[in-house]
Each structure stands twice: as structure tokens, then as C-alpha cells.
Amino acid sequence: MLNIIQVFRNAIKVPELRMKLIYTMIIIVLYRLGANIPVPFIDTAIWQQLFSSQGDTIFGYLNILSGDAFSKATLFALSITPYITASIVMQLLTIAIPALEKLQKSGDDGRKKITQITRYVTVVLGIITGYGYYMTCRGYGVVTNRSFFAGLVIVVCYSAGSALIMWLGEKINENGIGNGISLILFANIISRLPVWFSGMVKDMIDIITGNGTAASVLFQLFKTVVIIAVALVIVAFVVFMSYSERRIPVQYSKRMVGRKMYGGQNTYLPIKVNMSGVMPIIFASSMVSIPATIIRFISGGNTTPTGVLGVIYGIFKTSSPVYIIIEFALIIAFSYFYIAISFNPIEVSNNLKKNGGFIPGIRPGLPTTQYITKILNKIVLIGGIFLGVVAVTPLIANAFATMFSLGLGAIAFGGSSLLIVVGVAIETTREIEAQMTMRHYKGFLE
């Protein structure tokens with residue numbers, strides 16, 4: 001944490017980086033303003049009241065990703081979800097369709113074309129998701145005008161909002177610091193902290209000034225200390241694992257090119273323990289929340305399910321042991337899935353062979369591919385367990401709080417939120433350090 005603060009302090013002293021930081025902050029402020037602009041023809045008061053009972057569904061997770069914009073039915077209610085979905089779809093299609101795979105490997109021009117296609121897919125998904133959100137609001141009876149024109153305005157507002165978020169993220173990539181979409185997601189999660197802290201302080205003030213006893217005040221302090229302690233432990237664990245990597249030694253043979261001798265040096269191939277980032281948690285949390293979402297729809301949304309549906313709903317609540325076990329298993333499964341589509345050991349082996357590199361004791365070609373795959377499988381397992389622990393630790397704390405009526409509040413998705421926040425902070429810090437290093441080199445050469 002101190003290192004991150006020091007890096008930002010040094011960056012502010014550099015005029016170019018200071019302007020980039022200011023530009024990034026302006027874009028984030030504009031985004032947060034848009035996240036609070038209401039969409040017409042929707043009764044947001046009733047929608048928020050209904051939404052208070054949706055914490056165990058996929059709506060609760062989408063609300064965290066949108067920084068409460070989803071529950072307020074604002075212009076940016078869809079948040080970055082359409083863009084992330086479009087990026088994942090394009091990543092899968094580049095593997096399934098040879099033409100797209102060739103386009104991806106054709107250099108900057110090919111990647112620019114894929115980026116352009118991703119934008120179109122984002123707009124299409126934004127329209128589809130916006131229509132689904134409109135139909136959900138209409139089903140809950142929060143749409144004040146059911147005419148065709150009102151529906152068209154609502155869908156256009158949501159789809160335009162998702163496209164505008166994509167544009168804002170790209171502007172940060174071009175003129176700011178860090179990854180635009182990641183920083184927007186970071187801002188969404190951080191925006192919930194003041195509300196959380198103010199609620200905690202309000203509870204303590206109510207206990208002290210009201211009918212609370214000394215025991216109740218101490219208990220409130222105990223809850224606060226427990227939540228902060230768990231958060232700090234998770235943050236330290238995430239930072240440690242984010243910097244962890246498995247280094248495979250690589251040696252390059254000497255070769256003569258013209259009159260110069262190249263190669264002969266020893267280096268390593270770094271494989272990060274957490275190569276997939278937070279994506280497996282996003283996939284797993286979305287999948288395991290679907291049953292509770294469907295049951296909420298069937299039972300009327302604003303009523304607690306009863307009978308058989310109530311039993312199933314209890315199984316898939318975030319405080320249920322079954323929910324925790326399923327999410328942990330899905331996170332590990334999605335970790336392998338994501339690495340399978342994003343990391344190709346055959347391509348790495350071929351690149352080493354083309355450049356005259358080899359792993360000591362391993363023959364080039366197929367044995368190198370098998371060796372890298374074997375190590376990768378072990379690393380992915382460790383990374384998947386790490387993501388699972390980060391994701392389910394707040395779930396377990398929430399389950400104990402529910403079991404013993406401790407009232408720790410809804411912290412169901414706190415692990416993934418902390419992982420995103422810490423990950424984005426680390427990556428942004430690294431980019432600032434890299435740009436500062438490049439500036440020093442340029443100054444030396446000039």
C-alpha cells in the first residue's frame with residue numbers, strides 16, 4: 001500500500017503523468033455522474049425497494065459491478081457487462097474460427113479490426129441486455145408508462161449507456177493511465193465504500209445515543225474489527241499471490257547472424273500463479289446465482305419463496321454451504337477453462353524453437369509442449385484454489401453471521417470485489433512505474 005502511494009506521489013510530480021492522471025479522474029467522475037442519471041418512465045423508488053430482497057440473485061452481483069447503478073435504474077445500469085461479454089465471445093470465436101485467429105495474429109491492423117468487431121458486438125449485446133432489463137422492470141411493475149415509445153426510450157437509454165461506457169474506457173486507454181474498463185469497474189466497487197462506512201458509523205451512533213448498552217457498543221466494535229481484519233488479510237493474500245509466479249528456465253543457443261553473434265544467454269519463462277485474474281470468479285458467481293434468480297422470478301420477485309421452491313432457494317442462498325461448495329468448484333473449473341482459451345503451450349513451444357531457445361533437460365518440440373502443459377496444470381490448480389479461497393472467505397463469514405445472527409451485513413461478493421480492487425491498483429501502479437522508467441530513458445537519450 002505504501003509503495004502504491006509513493007508511486008502516485010512521484011507520478012504527480014511529472015507533468016505528463018500528472019495530466020494523464022487528471023484526464024483519467026475526469027473520465028471516472030463523468031462516468032459516476034452518468035451512473036446517477038435516472039432513466040425516464042421508471043419508478044426508481046419502488047425498484048430499489050424491490051431490489052433490497054434480490055441480494056442472493058444475479059442482480060445483486062450485477063449491482064456490485066455497476067456501483068449501485070443497476071438497482072437505481074440509471075443510464076449506466078448495464079455497466080461494463082456487455083463489453084466484458086463481447087470480449088469473452090470474441091476471444092472464444094478467435095479459437096473456433098480460423099479467419100479470426102489469422103486476423104488476430106496479423107499484427108496491429110488485425111487486432112484493430114477485432115477491436116472494431118468487439119465494439120459492434122458490444123452494441124448488439126447492449127440492446128439485447130437493455131431490452132431484458134426493461135422487461136424485468138416491466139414484470140415487477142416499476143415502469144410508469146407501458147407504451148411502445150416509453151419502452152423504446154428505456155431500451156435506447158440503456159444500450160446507449162453501455163456503448164458510452166465502452167467509449168469512456170477506450171478514451172482512458174488512449175489518453176489516460178491504466179486499463180479503462182478495469183478502472184471503471186474499480187470506481188464502481190470503491191463507490192460503495194462511503195455508504196458502507198457511513199452505515200457502520202450510523203449504527204454505532206444509534207447504539208451509543210439510543211438505548212444501547214455497553215455490551216452492544218462493544219459488540220458493534222467487535223463486528224467492525226472483524227470485518228476490517230478479514231479484509232486486510234484478504235488484501236495481503238491477494239497482493240502476495242498477484243506477484244507470485246513460476247519461472248521456467250530457458251536457454252538460447254548461440255547463432256551467427258552476419259558478423260554478429262546472438263544468443264547464448266540464460267533467461268526464464270514466467271507463468272503467473274493467477275493468470276486468469278478475476279474472470280473465473282465472475283463466471284462462477286454468475287452461474288451459481290442463476291437458480292436463485294429463476295426462483296425469484298417464478299415466486300413473484302418480491303416475496304420469499306415457500307414450499308419446494310423455498311427449499312431450493314435456501315440451498316442456493318449465498319449463506320448456504322452448498323452454494324459455497326459449488327462456487328468453489330466452479331471457480332477451479334473456470335480457471336482451467338479460461339487458461340485453455342487464453343494460453344497456448346504449443347505456440348509458446350514453437351516460438352522458443354524458432355528463436356533458438358530451449359528448456360534445459362527438455363528436448364524442443366512436443367516434449368517442451370508437454371512439459372509446459374504439465375507445469376501449467378499445477379499452476380492453474382494453485383491459482384484456482386487461491387481464487388476460490390478469496391471468493392468463499394467472505395461467504396463463509398456471512399454464513400456464520402447468518403447462523404449466529406451476528407448481523408455482519410451482506411458481504412457475499414466481498415472477495416471478488418477486493419480481488420478486483422487490489423488487482424487494478426497493482427496493474428495501474430505497474431503501468432505508472434513503466435511510463436516513469438520510459439520517461440527517464442528518453443530524458444537520458446535526449
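What's counted below: heavy atoms across the whole structure, side chains too, no hydrogens, waters or symmetry copies.
Of the charged side-chain nitrogens involved, none lies within less than 4.0 Å of a carboxylate oxygen, so that Glu433 and Arg430 do not count as a salt-bridged pair. Taking the charged nitrogens against the carboxylate oxygens, Arg247 and Glu245 do have a contact shorter than 4.0 Å, which makes a salt bridge.
Residues Thr369 and Ser349 bring a donor and an acceptor atom of their side chains to less than 3.5 Å of each other. For the residue pair Asn274/Ser242, the side-chain donor-acceptor check at 3.5 Å is not satisfied. No donor-acceptor contact under 3.5 angstrom links the side chains of Thr144 and Asp43, judged on distance only.
For the side-chain hydrogen bond (donor to acceptor under 3.5 Å, both in side chains) test, no residue two or more places apart in sequence or in another chain qualifies with Asn173.
Checking side-chain atoms of Thr74 against main-chain N and O of Ala35 turns up a donor-acceptor pair under 3.5 Å. At distances below 3.5 Å, at least one donor-acceptor pair connects side-chain atoms of Ser244 with backbone N or O atoms of Phe240. Using modelled atom types, no side-chain atom of Trp47 and backbone atom of Val143 make a donor-acceptor pair closer than 3.5 Å. Here the side chain of Tyr131 pairs no donor or acceptor atom with the backbone of Gly126 at under 3.5 angstrom. In this structure, the side chain of Ser320 does not engage the main chain of Phe316 through any donor-acceptor pair within 3.5 Å.
Taking OG of Ser335 as the reference point, atom CD1 of Ile385 lies at 9.5 Å (rounded to 0.5 Å).
More than 12 heavy atoms of other residues, nucleotides or ligands shown are found within 6.0 angstrom of OH on Tyr336. The local environment of CD1 in Ile346 is sparse, with at most 12 non-hydrogen atoms from other residues, nucleotides or ligands closer than 6.0 Å.
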Note to self: If you apply the rule side-chain hydrogen bond (donor to acceptor under 3.5 Å, both in side chains), what do you find for Asn63 with Ser71, and how did you get there?
What the structure shows: CA-CA 6 Å; Asn63 191 44; Ser71 63; 3.1 Å; yes
Next item on the list: Given ring-ring contact (aromatic ring centres under 6.0 Å, His included), test Phe386 with Phe237 step by step and report yes or no.
Entry: CA-CA 9 Å; Phe386 152 67; Phe237 187 44; 5.2 Å; yes
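Residues Ile248 and Tyr268 fail the side-chain proximity criterion, which asks for heavy atoms closer than 4.5 Å. Side-chain atoms of Tyr133 and Thr129, non-hydrogen and from C-beta on, never get closer than 4.5 Å to each other.
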